[in-house]
Amino acid sequence: MSLHIYNVLAREKQVFTPIVDGQVMMYVCGPTVYDYSHLGHAKTYVSFDIVNKWLRYSGYKVRYVQNITDVGHLLDSGEDRILKRARQSRVEPMELVETYMREYFADMDSLGVMRPDISPRASAHIPEQIEMIQTLIGKGHAYESNGSVYFSVESDPDYGKLSGRRIEENEAGKRIAVREEKRHPMDFALWIRADDKHILQWASPWGRGYPGWHIECSAMSVKYLGQTFDIHGGGIDNIFPHNECEIAQSECAHDTQFSNYWMLTGSLNVDGVKMSKSLGNFVTIKDALKEYRPEALRFFISSGLYRTPADYSASALDAAAKGYERLNTAVRRVRDTLARGEIRGDESTSGRLIDRLDQTRMQFTSAMNDDFNAPIALSVLFDLAKDMNSAIDAGTASRMVLEQAAQVFQELGGDVLGVVRNEAKPTASAGNAEREAALIEMLIEMRIEARKSKDFARSDAIRNRLAKLGVVLEDGVKGTSWRVA
RNA sequence: GGCGACGUAGCCAAGUGGUAAGGCAGAGGUCUGCAAAACCUUUAUGCGUGGGUUCAAAUCUCACCGUCGCCUCCA
């Protein structure tokens, strides 16, 4: 089955056809860096990380652009949110931007999110934005008024096509304070005149000012991806006005389709309402990572569809963490069995397992090709985990089956979904790790001796003290194994 | 008020016409000195409610009830 994508523009799943065969040009709206990122951001960016990785795994050459908004994003008070925070913290605006941009990347790195190919900053693309605004004025889609420039929504018959919002409808229930400089209440700012107190300001043909929030995405996407590109992503909460305005600006400036496919993620809710900065009901990624492994957070995100809203709760995350443990226990057993060479099966006992591995790849592929259905993809991995556990228990898995299973878990569960731990790689401190392993083995031997002489008090003491150090002992039919919790 | 989603087991969550994936929790069992882990069995005659279409509906349609998002800063 070829890749199908739910295109918000058409409100249906469509066959994905890239503009250039074998190549995907993708833009995703990035964060405004004025504070720590929370799990809502994690949901969106992990979701697109999976999209990005699946496209690459499928053989596409991907150029993934995600902007960093560091100017122009206004509060409803009309104040720039970056400037406000900078003033509160008594730092330079760009110092604030730098701090939280680094934090954002650090959080994404922790979550195993592959960095975008280009992370353009709005403040570094002022000339491109001015140029685009000039084009729009030249074509009669924008007008200057009192040092600011507005986009004329009435000049764009397609305005509202993404969100399904009609200009007339909005007029009836409008709650926006009408600026007198606007011709139409729905007109939005492309360029905003700055007063003297405004620190972030640039020279322009209309005097000193700064860009509106929406124009950066239009200007930077055309620069790095072209006038028409394949996929535009973001959170559904930005469908209006932000995404709608991007389309209007770009299509009116270039007279061609902006993005062919629109993918928008569902919001992360807490007790039924959206997790957001303004409501204060958010959990930062940093705090979440103190309690849960990054793979467990990705497991939680992957257990629902990217485009439906998810509900955050401690119990939902706990359940995800346990599911993650079970899946990874199976992966660890496959790896350990291989590493220790405890292979008891051969080709005569593992024929069915070879078929299961092929089946796993096929089912995983068709799930991901069906609009990146990660929950189904995850369930396919669980089915394999169960079969591999059984095979290892029964001693029917051959070396080839174990090796291929390890590879499937690594590629699909690790490289694509990021819910499987990477195999421990040898490091500079590998010598210490070997010594530690030898010491643990020694304690296990001492415990076995104690158990043989029915000295369970002593055997339990060894197990308990190791457990306190984070080393879990498990007695199986083939002896005692250990793992780091 | 307008626009858009959604309502599936105790919880999370897939499934969009052919007879309900997966995870968590629960119950019983195997294994164990006891645990842990794993495995086996089991847990929705039913998918918000009521009509309709169909041989067949969680899936299509209509109405109603409920929840949420957006319309104002948010991924």
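Within every chain, numbering begins at 1; the chains are lettered A, B, ... in the order of the sequence lines, protein sequences first and strands thereafter. As a basis for the values below, the full set of heavy atoms in this structure was taken, side chains included, without hydrogen atoms, waters or symmetry mates.
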* Asked: Is A:Asp475 side chain donor-acceptor paired with the B:C34 base, going by distance under 3.5 Å alone?
  -> yes
* Given atom CZ of A:Phe188 and atom C1' of B:C71, what is their separation to the nearest angstrom? -> 15 Å
* Asked: Does the base of B:A35 carry an N or O that pairs as donor and acceptor with the side chain of A:Arg463 under 3.5 Å?
  -> yes
* To do: Mind checking A:Gly30 for me? I need base, sugar-phosphate or nothing, with any heavy atom below 4.0 Å counting as a touch.
  => sugar-phosphate
* Structure fact -> A:Asp311 atom CG is separated from B:A14 atom P, nearest whole Å, by 12 Å
* Which whole-number value in Å describes the distance from A:Ile239 CD1 to B:G2 C1'? -> 14 Å
* Can you figure out which of B:C70, B:A75, B:G15 approaches the side chain of A:Arg165 most closely? => B:C70
* To do: Could you tell me whether the side chains of A:Asp311 and A:Ser313 share a donor-acceptor contact shorter than 3.5 Å?
  => no
* Asked: Does the side chain of A:Thr480 get closer than 4.0 angstrom to OP1 or OP2 of B:U32 through an N or O atom?
  -> no
* Would you mind checking if A:Glu98 and A:Arg121 are paired as a salt bridge, meaning a charged N to carboxylate O distance below 4.0 Å? => yes
* **Between B:C3 (P) and A:Met186 (CE): distance, integer Å** => 14 Å
* Under a 3.5 Å cut-off for both distances, is B:G4 Watson-Crick or wobble paired, and to whom? -> B:C68
* Which part of the nucleic acid does A:Arg307 contact within heavy-atom distance under 4.0 Å: base, sugar-phosphate only, or nothing? -> nothing
* **Distance, rounded to the nearest Å, where A:Lys452 contributes NZ and B:U32 contributes C1'** => 17 Å
* Structure fact -> Using Watson-Crick geometry (N1-N3 plus N6-O4 or O6-N4) or G-U wobble (N1-O2, O6-N3), each under 3.5 Å, B:U19 is paired with none
* Looking at A:Asn269, does any N or O in its side chain come under 4.0 Å of the phosphate oxygens OP1/OP2 on B:U67? -> no
* Complementary nucleotide for B:U49 - Watson-Crick or wobble, under 3.5 Å -> B:A63
* Rounded distance in Å between the C1' positions of B:A21 and B:G69 -> 28 Å
* Is there aromatic stacking of A:Phe456 against B:G33, centre distance under 5.5 Å, plane angle under 30°? -> yes
* Asked: Got a salt bridge between A:Lys13 and A:Asp371, using NZ or NE/NH1/NH2 to carboxylate O under 4.0 Å?
  -> no
* Asked: Expressed as a whole number of Å, how far does the C1' atom of B:A13 sit from that of B:C47?
  -> 13 Å
* To do: List the steps and the verdict of side-chain hydrogen bond (donor to acceptor under 3.5 Å, both in side chains) for A:Tyr324 and A:Arg293.
  => CA-CA 9 Å; A:Tyr324 153 79; A:Arg293 290 189 54 88; 2.8 Å; yes
* Please find out if less than 6.0 Å separates the ring center of A:Tyr36 from that of A:Tyr104. => no
* To do: Look at all strands and tell whether A:Leu305 reaches a base, only sugar-phosphate, or nothing, counting heavy atoms closer than 4.0 Å.
  => sugar-phosphate
* Asked: Charged N to carboxylate O under 4.0 angstrom, A:Arg352 versus A:Asp355?
  -> no
* Asked: Any Lys/Arg nitrogen of A:Glu474 or A:Arg333 sitting under 4.0 Å from an Asp/Glu carboxylate oxygen of the other?
  -> no
* Asked: If the C1' atom of B:C3 is compared with that of B:U72, how far apart are they to the nearest Å?
  -> 15 Å
* Span that lies between the C1' atom of B:A44 and that of B:C11, in whole angstrom -> 14 Å
* Given the P atoms of B:C62 and B:A5, what is the spacing between them in whole Å? -> 13 Å
* Asked: B:U19 and B:U8: how far apart are their C1' atoms, nearest whole angstrom?
  -> 15 Å
* Which word best sums up how the rings of A:Phe151 and A:Phe188 line up, parallel for under 30°, tilted for 30 to 60°, or perpendicular for over 60°? -> parallel
* Which residues in residues 106-123 of chain A have at least one heavy atom lying under 4.0 Å from any atom of RNA chain B? -> none
* **Distance, C1' atom - from B:G46 to B:A20, rounded to whole angstrom** => 8 Å
Where do N or O atoms of nucleotides 21-24 of chain B meet protein N or O atoms at under 3.5 Å, pair by pair?
unit_1 : atom_1 : unit_2   : atom_2 : d
B:G23  : OP1    : A:Arg326 : NH2    : 2.8
B:C24  : OP1    : A:Arg326 : NE     : 3.4

* Phosphate OP1/OP2 of B:C70: any A:Lys274 side-chain N/O under 4.0 Å -> yes
* **Rounded P spacing from B:G51 to B:C12 in Å** => 28 Å
* To do: Under the ring pair (Phe, Tyr, Trp, His ring centres under 6.0 Å) rule, what do A:Tyr64 and A:Tyr27 come out as? Steps first, then yes or no, please.
  => CA-CA 6 Å; A:Tyr64 178 18; A:Tyr27 187 95; 9.0 Å; no
* A:Ile68 has an atom CD1; how far is it from atom P of B:A75, in whole Å? -> 11 Å
* Compare the minimum distances between each of B:A37, B:G4, B:C39 and the side chain of A:Arg11, then state the nucleotide with the smallest one. => B:G4
* **Pair A:Lys161 + A:Asp156: basic N to acidic O under 4.0 Å** => no
* Which part of the nucleic acid, if any, lies within reach of A:Thr329 when heavy atoms closer than 4.0 Å are counted: base, sugar-phosphate only, or nothing? -> sugar-phosphate
* Is there side-chain contact between A:Asn7 and A:Phe16, with heavy atoms separated by less than 4.5 Å? -> no
* Option passing side chain to side chain donor-acceptor pair (under 3.5 Å) with A:Thr265 (candidates A:Thr308, A:Asp237, A:Thr44) -> A:Thr44
